[in-house]
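Beneath this line is the structure, given in structure tokens, with notes to follow.
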Amino acid sequence: GLLFIAIFFLMVSCLLSFHSFLILANLTTWEHISWRHITYLKSLRAERGSPFARSLWWNVAVYCCGAFWCPSLLRRFPNVRYEHGGVLWDLSEQRGMC
């Protein structure tokens, strides 16, 4: 029983770590795994990070807050648009995560 709990805890920890990375990098699982096959990402270098990412705090705020609860400062951010109750990102120049 203890071995099962340890393996389950390890799997959940790995899943939490990976999705925390995706939130901080402002990537989807599909973008992370299939970068070279996605038409709007083909011309960009994966090492430079997502063209939708701004900073760690902005990425977390947009992910966690959503359109309705998003801070007014973030609503004025030029690459974030709000349509039909959701957040839409516009492509911009590619930068690193930090």
N/O donor-acceptor pairs under 3.5 Å from side chains in residues 2-12, not counting sequence neighbours:
none

Hydrophobic cluster identity match, Trp35 and Ile33, side-chain contacts under 4.5 Å: no
Side-chain heavy-atom pair Trp30, His37 within 4.5 angstrom cut-off: no
Sequence-distant partners of Trp57, side chain to side chain contact (heavy atoms under 4.5 Å, CB included), two or more places apart: Ser55
Side-chain polar contacts of residues 18-25 - donor-acceptor pairs under 3.5 angstrom, sequence neighbours left out - could you list them?
residue: His19; atom: ND1; partner: Leu15; partner atom: O; Å: 3.1
residue: Ser20; atom: OG; partner: Leu16; partner atom: O; Å: 2.8

Hphob cluster co-occupancy, Ile38 + Leu27, side-chain heavy atoms under 4.5 angstrom: yes
Spacing of CG belonging to Asn59 relative to OG belonging to Ser50, to within rounding of 0.5 Å: 7.5 Å
